[in-house]
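Since the structure comes first, as structure tokens, the remarks are kept for the end.
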Amino acid sequence: YVLQGAKWDKTDLTWSLVNQSMADADKIRTMVSRALRVWETNSKLTFREVYSDQADIQVLFARRDHGDGYKFDGPGQVLAHAFYPGVGRGGDAHFDAEETWEFDASNDDSRGTNFLNVALHELGHSLGLGHSSDSNAVMFPWYQNNEVDGKLPDDDRIGIQELYGAKEKVWGPYRPVTTTSTTTTTTMRTLTYYPQQRPTYPNHYPNYYPNYYPRERDREREREQERERERERERERERERERERERERQRKRQHEERERERERERERQRDRERERERNREPLTTTSTTRAPTTRSTTAATRRTPATHPTHRPYNYPTVHRHNKPHKPRKPKPDNCMTSYDAISMIRRELFIFRGQFLWRIGAKGLYNGYPTETRRHWAALPEDFNKVDAVYENQQRQIVFFIGRQYYVFDSVTLAPGYPQPLTSLGLPPTLTHVDAAFVWGYNNRTYLTSGTLYWRIDDNTGKVELDYPRDMSFWAGVGYNIDAAFQYTNGKTYFFKNLGYWEFNDALIKVAHARPKLSSRRWMQCARSVNDVDEEQR
Amino acid sequence: RSNERSSVSEDMMYNYLMQFDYLPKSDLETGALRTEEQLIDAISKLQEFGNIPVTGKIDSATAKLIQLPRCGVGDNKHAYNFSPDNLDHGPRKRR
């Protein structure tokens with residue numbers, strides 16, 4: 001057996017079937033319960049079914065690309081996959097909806113793939129077990145239609161008990177012992193012991209096994225079915241309570257949303273007031289008026305990184321700009337104590353973006369008077385943008401900004417015709433809310449976009465993401481998920497940023513050059529080391 | 001037998017080995033070519049894990065194995081025992 005390292009820090013786990021509306025939902029839930037009961041019987045773990053996206057283990061049926069970077073391949077070969085314990089999608093088990101699943105536990109493969117077996121295997125991953133090379137083990141990578149109910153092969157049982165310990169044995173007056181059967185092969189009868197109930201049977205036979213005497217077994221099975229019905233009723237009541245809580249949360253969210261909308265309206269009202277004030281007062285400060293730019297005639301013909309329609313594909317409101325200085329609505333960020341929303345080399349100078357501001361760092365270090373508002377340089381950016389998600393300079397030396405679900409392409413400081421456009425025009429999924437980082441990887445000079453746990457590569461010929469993407473961010477070993485920014489520096493190396501730190505990426509080893517992130521402010525903003533900073537180099 | 005083997009191209013074998021962690025997934029991005037020895041080593045590991053005769057070649061047993069239905073999770077992180085000047089894919093040395 002293999003313990004993959006990650007494990008749950010608790011033993012009472014919840015699980016939820018995502019596709020409640022699918023045809024065999026009830027059978028699937030029964031089978032998942034049975035598979036979990038096998039792990040439960042052989043460890044300290046307990047499982048409770050809920051219907052919530054907060055459950056530890058989400059059971060999902062999906063097909064092909066289902067957004068986790070590990071596409072299914074249709075009928076055959078890959079049947080399912082699961083994620084080791086952890087937050088977010090950690091613990092989740094995904095099954096290929098295009099497989100022919102047999103939901104009645106049967107040994108006959110001609111009717112389809114035995115779902116119970118596959119569920120037992122995948123839920124082993126959800127609990128922290130890796131693949132085993134023991135071909136009798138449940139965790140053997142290749143599908144086997146073995147009878148599993150209740151019993152667990154030693155390899156798996158020892159593995160799960162190493163992770164979560166064995167069930168406490170509640171010793172009643174009857175001490176079960178291991179016996180060796182008299183058949184030709186001496187086999188150790190594994191203890192199928194039900195600690196939650198003390199054996200109650202007429203003959204008080206000292207080494208009794210509840211499922212050993214047929215008559216007693218029938219009575220036991222009726223009691224068990226009654227208990228199962230009671231548990232089912234309890235689960236139904238729990239689901240009803242959960243649905244009520246969900247409705248309550250929904251009402252609360254709507255109320256908060258209305259509150260925020262009213263606040264925004266009041267804010268806009270105040271802005272208009274201030275604007276009217278400004279227009280009345282004489283202009284005392286020297287306003288920086290932009291040098292008039294001649295729209296380069298080739299701009300329209302120059303290739304843009306995505307489809308470049310001559311018309312505006314989307315009826316975005318044409319924005320009228322004033323040359324008036326904008327009073328920033330938010331305080332300027334402290335360049336020695338901030339994370340970066342975006343970072344990029346532009347015209348061989350380093351631009352770092354935070355909120356509505358940017359810093360500009362040239363050969364002689366940080367320019368004076370920075371940070372300044374980003375819209376002083378790129379006035380065509382929306383007035384009410386909160387922050388820049390990502391920036392990079394494309395192969396045509398245009399500057400591409402990603403803000404929310406849209407992106408803007410600039411020829412220097414002039415917005416190229418036809419922009420902004422939605423992320424979907426790059427071939428990104430409509431569900432994507434934003435891009436975290438955009439960079440050209442020095443190793444192969446290709447353009448990459450990242451978001452959350454996934455990344456895409458741009459096909460420079462079509463300007464769209466390549467077909468066999470997205471992939472999982474774990475490729476960039478050591479960087480992790482949900483990064484803030486990334487870029488290629490003048491030294492050809494690629495750097496990834498998250499919170500106050502950054503990693504240099506080692507292209508040859510395809511992993512970060514140092515496991516611990518270094519302090520961004522010191523390297524990129526030339527901030528002096530504060531007394532309690534440890535010098536990374538000396539470390 | 002021969003048609004099983006012929007139905008499995010080296011490309012398919014290569015992709016299978018990357019998909020299930022017998023070769024570094026980074027090859028997907030870098031297209032880093034592997035030496036014959038590295039490929040043989042990866043195939044041998046797969047054969048060992050799959051409990052079939054270890055030959056290091058794409059023989060009929062291997063061709064059959066890689067077409068069997070299975071779990072999509074990788075077969076845990078083997079220490080890719082490439083020579084030091086090549087890519088080192090894990091702190092662990094080969095067991």
Side-chain angles (χ1 to χ4, degrees), chain A residues 1-5 68 70-73 75-84 93-96 99 109 113 118 121-122 124-126 129-136 139-145 441 443-444 446 448 455 457 468-469 471-472 474-477 506-511 515, chain B residues 4 7-8 11-34 44-54 61-80 82-92 95:
Chain A
Y1 61 89
V2 172
L3 309 183
Q4 269 296 335
D68 63 6
Y70 299 94
K71 291 191 229 350
F72 280 134
D73 53 6
Q77 204 176 60
V78 175
L79 301 170
H81 58 229
F83 294 89
Y84 295 117
H94 297 171
F95 297 86
D96 189 343
E99 295 302 331
D109 269 347
T113 305
V118 178
H121 175 103
E122 297 308 329
H125 289 312
S126 305
L129 290 179
H131 280 155
S132 164
S133 55
D134 174 347
S135 56
N136 299 312
M139 296 313 292
F140 189 61
W142 287 273
Y143 169 69
Q144 308 180 92
N145 189 351
W441 187 21
Y443 180 88
N444 57 12
R446 302 300 293 276
Y448 290 86
Y455 75 95
R457 189 165 78 177
D468 51 348
Y469 287 80
R471 289 180 186 158
D472 191 86
S474 55
F475 165 78
W476 306 93
N506 182 320
D507 293 348
L509 297 181
I510 319 278
K511 64 180 189 178
Chain B
E4 258 174 353
S7 69
V8 170
D11 248 10
M12 268 176 75
M13 192 72 227
Y14 200 42
N15 284 329
Y16 190 96
L17 293 167
M18 277 192 290
Q19 181 173 0
F20 297 110
D21 292 343
Y22 291 90
L23 282 174
K25 276 196 175 62
S26 54
D27 292 3
L28 282 170
E29 287 304 335
T30 59
L33 294 178
R34 297 278 157 218
S44 304
K45 277 193 168 46
L46 168 67
Q47 291 166 334
E48 195 181 328
F49 214 84
N51 296 321
I52 60 174
V54 178
T62 308
K64 189 162 178 290
L65 177 70
I66 69 170
Q67 299 182 64
L68 290 177
R70 60 160 290 158
C71 170
V73 175
D75 294 342
N76 79 67
K77 297 287 173 212
H78 280 273
Y80 304 107
F82 301 144
S83 48
D85 57 323
N86 284 9
L87 301 178
D88 147 46
H89 268 277
R92 296 178 302 178
R95 280 175 290 189

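Please read these numbers as outputs of a predicted model, since none were measured by experiment.
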Interface moiety of Arg471(A) toward chain B, non-hydrogen atoms closer than 4.5 Å: side chain
Closest contact, heavy atoms only, His131(A) versus Gly74(B): ND1-O, 3.3 Å
Trp441(A) versus chain B, the contacting section by heavy-atom distance below 4.5 Å: side chain
Toward chain B, the part of Phe95(A) with a non-hydrogen atom under 4.5 Å: neither
Distance, nearest 0.5 Å, that separates OG of Ser132(A) from CZ of Phe49(B): 6.5 Å
Top contributor to chain B contacts, counting heavy-atom pairs under 4.5 Å, from Pro141(A), Ala80(A), Ala82(A): Pro141(A)
Heavy-atom pairs under 4.5 Å with chain B, option from His125(A), Arg457(A), His121(A) with the top count: His125(A)
Segment of Phe140(A) engaging chain B (4.5 angstrom heavy-atom cut-off): side chain
Glu99(A) versus chain B, the contacting section by heavy-atom distance below 4.5 Å: neither
Check against side chain to side chain contact (heavy atoms under 4.5 Å, CB included), Asn51(B) and Trp142(A): CA-CA 11 Å; Asn51(B) 296 321; Trp142(A) 287 273; over 6 Å; no
Short side-chain to backbone donor-acceptor contact, Gln77(A) and Ile66(B), under 3.5 Å: yes
Nearest non-hydrogen partners of Val73(B) and Glu122(A), listed with the distance: CG2-OE1, 4.4 Å
